[in-house]
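Every chain is numbered from 1 and lettered A, B, ... according to where its sequence line falls, protein lines coming before strand lines.
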Number of protein chains: 4
Amino acid sequence: MPRTEEQYKDIREQRRAIIKDTAMEMFAEKGFAGTSISSIAKKAGISKGLMYNYFTNKEDLIKTIILDGFNIVVEVFDANKDGKLTREELIFFVKETSNILKANVSFWRLYFIVMMQADVIKLIENEFMDFLMPLLTTLIKYFENQGVENPEAHARLLGATLDGISLNYVVDPEHFPIDEVTDLIIDKFLK
Amino acid sequence: MPRTEEQYKDIREQRRAIIKDTAMEMFAEKGFAGTSISSIAKKAGISKGLMYNYFTNKEDLIKTIILDGFNIVVEVFDANKDGKLTREELIFFVKETSNILKANVSFWRLYFIVMMQADVIKLIENEFMDFLMPLLTTLIKYFENQGVENPEAHARLLGATLDGISLNYVVDPEHFPIDEVTDLIIDKFLK
Amino acid sequence: MPRTEEQYKDIREQRRAIIKDTAMEMFAEKGFAGTSISSIAKKAGISKGLMYNYFTNKEDLIKTIILDGFNIVVEVFDANKDGKLTREELIFFVKETSNILKANVSFWRLYFIVMMQADVIKLIENEFMDFLMPLLTTLIKYFENQGVENPEAHARLLGATLDGISLNYVVDPEHFPIDEVTDLIIDKFLK
Amino acid sequence: MPRTEEQYKDIREQRRAIIKDTAMEMFAEKGFAGTSISSIAKKAGISKGLMYNYFTNKEDLIKTIILDGFNIVVEVFDANKDGKLTREELIFFVKETSNILKANVSFWRLYFIVMMQADVIKLIENEFMDFLMPLLTTLIKYFENQGVENPEAHARLLGATLDGISLNYVVDPEHFPIDEVTDLIIDKFLK
DNA sequence: GATGAATGAGTATTCATTCAT
DNA sequence: AATGAATGAATACTCATTCAT
């Protein structure tokens with residue numbers, strides 16, 4: 001009996017996930033340019049040719065991986081999509097950032113490593129900005145409403161700080177005191 | 001008659017400088033793996049073959065560049081070598097960080113990119129840690145002396161924040177308001 | 001649908017044979033170092049890249065060719081694998097050498113020319129010794145059992161003589177009286 | 001005081017000799033293609049550019065070396081030019097072969113390597129044959145006078161044996177017992 | 001859908017040779 | 001005569017991508 005359309009779709013999606021996971025691991029390990037399509041295929045247990053059935057090319061593969069990560073973040077902050085931010089929402093936002101990191105360190109470790117690569121950044125520059133700017137605008141508005149002197153500097157500093165924390169945690173999750181540091185940010189920025 | 005030894009030395013040093021500057025710019029622009037030796041040669045106005053007269057290979061070139069910059073950093077923070085930090089010294093430290101970044105964006109861009117690449121990290125891992133750990137220790141001591149509740153969290157947060165700022169500035173130097181953000185850090189952490 | 005495993009195997013074996021034959025001819029004509037991979041590819045009617053699908057590198061190619069020849073010889077002398085040699089076996093051995101040469105002069109002509117090249121010898125030194133030493137040891141034992149005064153010199157001389165005959169025959173098969181010379185060796189060494 | 005013309009000529013000739021000796025050693029060690037002009041220059045203690053003042057190019061250098069050696073050989077066997085061979089002369093001939101080999105292994109190593117390369121053979125083929133054929137004829141006559149059944153087979157076998165010995169010795173001069181083997185030939189063929 | 005053979009442009013690197021000084 | 005910087009063509013090898021089956 002042939003598989004149902006549903007089953008085929010499931011197989012495809014599982015396989016896509018395997019390819020993406022494998023690729024992310026290898027991109028993190030050897031760099032984007034240093035990882036060949038055929039080595040990913042081999043490790044993922046499929047043929048080279050079949051890779052192109054799932055992703056149109058190498059660029060598509062890395063973009064998909066990166067955008068998947070964006071989407072997770074975007075989804076989490078869905079609550080703020082109205083463009084307005086209360087103090088409580090922002091505190092949630094900050095805490096949630098650390099929770100997401102802690103919940104899946106290994107994924108985000110790879111994610112950061114992959115994202116930092118110059119050639120990768122170049123590929124997703126536009127999408128990255130499309131994702132980042134609304135968040136930044138919302139933050140700036142928040143600090144404006146708080147009546148601080150330099151709202152953009154505040155917003156940029158908070159963003160940069162969250163980047164720095166993520167990076168430090170992800171590089172050395174065992175030693176970086178993420179909970180204390182998170183509390184400290186809230187204390188410094190949001191009290 | 002051949003040129004004098006002095007003349008040959010001058011030629012070599014000038015050429016080496018041109019190659020390093022050009023390479024750094026391109027590595028920062030396109031990444032290490034994404035920049036070919038021949039494209040550097042072309043941009044530097046010399047032949048591909050001559051590159052190998054000045055650097056034994058691509059790895060030698062990137063290492064030389066990284067270590068050159070590393071020496072600059074070590075020299076700048078030499079003042080803090082006593083291991084004790086006053087508030088004024090720390091403020092100087094923070095400001096100097098942004099000054100160094102601004103003074104040579106393209107180098108620090110490359111520097112960050114390189115530090116993120118797993119296989120390149122291994123090349124200078126040891127030297128990097130030898131440089132970083134004393135700074136962290138000194139920072140922790142500073143916050144201990146300030147009598148804050150969680151000195152390590154403060155030190156880590158400040159370090160992470162400087163990382164995040166550096167990263168954000170380096171990725172988009174035209175838009176990131178580094179001076180305002182720097183003032184804000186001083187205001188938040190060191191007042 | 002992909003080809004069957006059988007089909008792929010057939011394709012690979014045919015291609016490998018074509019590449020090896022072409023390479024041997026060119027190595028004999030222009031020397032190992034003087035023959036480029038891409039020129040072999042062109043003459044074999046395939047792309048440069050495909051060469052590396054069949055042989056991991058140039059060294060692998062020459063080694064495969066040389067070891068193919070060893071294996072033919074080893075197989076023929078399989079009968080002597082017990083390490084003991086009767087006079088009859090040794091006579092068979094000597095006669096078989098000339099028979100093998102006569103049966104495929106053109107192959108062995110190329111083979112000798114390729115084998116004589118210093119850079120080639122260097123690459124297969126170990127394998128060559130692994131192949132040669134057992135034969136030599138067996139020969140020495142034979143002459144020991146015959147009670148001659150200097151068994152190693154006898155064994156070496158017989159080996160060198162067979163080399164010289166092969167070389168002379170292969171260089172000029174039409175004029176070199178291989179049968180008479182073979183009979184003479186048997187007469188001189190094995191009576 | 002400037003050097004005399006004579007002195008300049010002496011210096012040139014000494015330098016040419018040094019270059020040739022150095023080159024021969026390196027060609028024998030690493031093969032012709034595997035030895036770079038600049039490595040010869042470095043080992044000979046002169047600049048790369050000056051090499052071209054002494055030899056018009058790499059081919060000129062190898063040809064000069066080969067023809068030099070060829071002249072040595074012709075000179076040594078001049079004594080046998082009368083076409084008649086006594087047993088004592090033939091024994092001297094055989095012994096002299098091994099003496100010449102032993103006296104300059106690295107040259108003969110190179111010489112054999114070069115003779116094996118098809119395109120180089122064509123350069124000196126004629127001179128080589130002019131030298132070899134009379135020797136063969138003389139040998140055949142010798143065995144005729146000895147009253148052996150098949151004089152040509154004897155002459156060919158002796159020639160081939162000397163070739164084989166030369167080859168084996170030159171390939172592995174440290175282990176090949178050339179003196180014992182030489183004595184054995186004399187014993188087998190010339191007693 | 002699936003395979004892996006096949007392509008060709010691209011990469012780092014080497015080296016004989018030239019040339020300004 | 002002497003130097004070594006400079007060139008550029010050539011080489012081994014890689015890899016994203018295509019395609020016949």
Heavy-atom pair with the smallest gap, counting every atom of A:Val114 and A:Ala28: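 That closest heavy-atom pairing would be CG2-N, 3.8 Å.
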Can you give me the closest heavy-atom contact between A:Glu59 and A:Ile62, atom names plus distance?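 Taking every non-hydrogen atom into account, O-CG2, 3.1 Å.
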Could you pull out all residues at least two apart from B:Phe55 that satisfy ring pair (Phe, Tyr, Trp, His ring centres under 6.0 Å)?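 Ring pair (Phe, Tyr, Trp, His ring centres under 6.0 Å) check on B:Phe55 returns nothing, list empty.
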Using a cut-off of 4.0 Å on non-hydrogen atoms, how would the nucleic acid contact of [X] be classed: base, sugar-phosphate, or nothing?
X	answer
C:Ser39	nothing
C:Ile37	sugar-phosphate
B:Thr4	nothing
C:Leu50	base

Record whether the side chain of C:Lys48 comes under 3.5 Å of the base of E:dG10 through a donor-acceptor pair of N or O atoms.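 Yes, a donor-acceptor pair under 3.5 Å.
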Considering only heavy atoms and no angle criterion, is a donor-acceptor pair shorter than 3.5 Å present between the side chain of A:Tyr52 and the base of F:dT18?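 In this structure, the two groups form no donor-acceptor pair.
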Please tell me if [X] has a side-chain N or O lying less than 4.0 Å from either OP1 or OP2 of [N].
X	N	value
B:Arg15	F:dA6	yes
B:Tyr54	F:dA6	yes
A:Arg12	E:dG1	yes
B:Asn53	F:dA5	yes

Distance, rounded to the nearest Å, where [X] contributes [atom1] and [N] contributes [atom2]:
X	N	atom1	atom2	result
B:Ile40	E:dT13	CD1	P	11 Å
B:Asp10	F:dG4	CG	C1'	15 Å
A:Ile62	F:dA16	CD1	P	12 Å
D:Leu61	E:dC15	CG	C1'	15 Å
C:Glu6	E:dT3	CD	P	18 Å
B:Met51	E:dA12	CE	C1'	11 Å
B:Glu5	F:dA5	CD	P	11 Å
D:Ile19	E:dA16	CD1	C1'	15 Å

For D:Ile40, the option from D:Lys20, D:Met26, D:Lys58, D:Glu25 that meets side-chain contact (heavy atoms from CB on, under 4.5 Å):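 It is D:Met26, the one option of D:Lys20, D:Met26, D:Lys58, D:Glu25 that forms the side-chain contact (heavy atoms from CB on, under 4.5 Å) with D:Ile40.
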If each of C:Ser47 and A:Ile46 is mapped to the nucleotide of DNA chain E with the nearest heavy atom, which maps nearer the 5' terminus, i.e. the 5' end?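 The residue closer to the strand's 5' end, by nearest nucleotide, is A:Ile46.
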Taking both distances under 3.5 Å as the test for a Watson-Crick or G-U pair, what stems of at least three pairs does DNA chain E have?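 In DNA chain E, stems of three or more pairs: E:2-21 with F:2-21.
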Any idea how A:Tyr111 and A:Phe107 line up, ring-wise: parallel (<30°), tilted (30 to 60°), or perpendicular (>60°)?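 Answer is parallel, since the angle falls under 30°.
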Lys/Arg N to Asp/Glu carboxylate O, C:Glu5 vs C:Lys9, below 4.0 Å: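 No salt bridge links C:Glu5 with C:Lys9.
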Can you work out whether C:Gln7 or A:Thr56 has the more 5'-proximal nearest nucleotide on DNA chain F?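 Nearer the 5' end of the strand: A:Thr56.
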Partner residues of C:Arg12 under the side chain to side chain donor-acceptor pair (under 3.5 Å) criterion, sequence neighbours left out: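 Scan of C:Arg12 (side chain to side chain donor-acceptor pair (under 3.5 Å), adjacent residues dropped) gives C:Asn53.
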Choosing from F:dT17, F:dC13, E:dA12, which nucleotide comes nearest the side chain of C:Asn57?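 Per side-chain heavy atoms of C:Asn57, the pick is F:dC13.
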Backbone N/O of A:Ile18 and side chain of A:Thr22: donor-acceptor pair under 3.5 Å: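 Answer holds: yes.
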